[in-house]
Amino acid sequence: MRIRTDGDYAYRRDAIERAADFYDCNKTKAVVSACDDVPHFVQAARQVLARDDLTLEQRREIAETLSTRAVNFEVNTEIVVNTE
């Protein structure tokens, strides 16, 4: 597999190098590790945001903190009123 890092895609080289630094490994292993980790982190974030012991404000702050350029977390509330 080849990942373009020229021209408009130059930002990818920086992202891959940051991942390699983070994981302390070569670029190929860093890309694979990041691809393995991201779904687990997203699922964990969803579980945290679904906790009922957090206030709406806390959930929104956590969502904002965890959101990235590629993954955006939003917290919505639904209010239902039934009348008879």
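These values consider heavy atoms only, across backbone and side chains, with no hydrogens, waters or symmetry-generated copies. On a predicted model such as this, the values are computed, not experimentally measured, just so you know.
- With side-chain heavy atoms closer than 4.5 Å counting as contact, directly or through intermediates, Val80 stands alone and belongs to no larger hydrophobic cluster.
- Contacts of Thr65 classified as side chain to side chain contact (heavy atoms under 4.5 Å, CB included), with partners at least two apart in sequence or in another chain: none.
- The 12-atom threshold is not exceeded at CG of Asp8, counting heavy atoms of other residues, nucleotides or ligands nearer than 6.0 Å.
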Show me, pair by pair, the donor-acceptor contacts under 3.5 angstrom made by side chains of residues 24-32, not counting sequence neighbours?
residue: Asn26; atom: OD1; partner: Thr28; partner atom: N; Å: 3.1
residue: Asn26; atom: OD1; partner: Lys29; partner atom: N; Å: 2.7

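- Residues satisfying the side chain to side chain contact (heavy atoms under 4.5 Å, CB included) criterion with Leu66, sequence neighbours excluded, are Ala45, Ile62, Phe73.
- With sequence neighbours excluded, the residues satisfying side chain to side chain contact (heavy atoms under 4.5 Å, CB included) with Gln43 are Arg46, Gln47.
- For Ser67, the side-chain hydrogen bond (donor to acceptor under 3.5 Å, both in side chains) partners are Asn72, not counting sequence neighbours.
- Note on Leu54: it clusters hydrophobically with Leu56, by side-chain heavy-atom contacts below 4.5 Å among ILVMFWY residues.
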Would you mind writing out the side-chain donor-acceptor pairs for residues 12-23 within the sub-3.5 Å range, not counting sequence neighbours?
residue: Arg12; atom: NH1; partner: Arg4; partner atom: O; Å: 3.3
residue: Arg13; atom: NH2; partner: Thr5; partner atom: OG1; Å: 2.9
residue: Tyr23; atom: OH; partner: Asp37; partner atom: OD2; Å: 2.5

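- Clustering ILVMFWY residues whenever any of their side-chain heavy atoms sit less than 4.5 angstrom apart, transitively, puts Phe41 in a cluster other than the one holding Val75.
- Sorted by first then second residue, the salt bridge (Lys or Arg N to Asp or Glu O under 4.0 Å) pairs that include residues 52-62, not counting sequence neighbours, are Arg51-Asp53.
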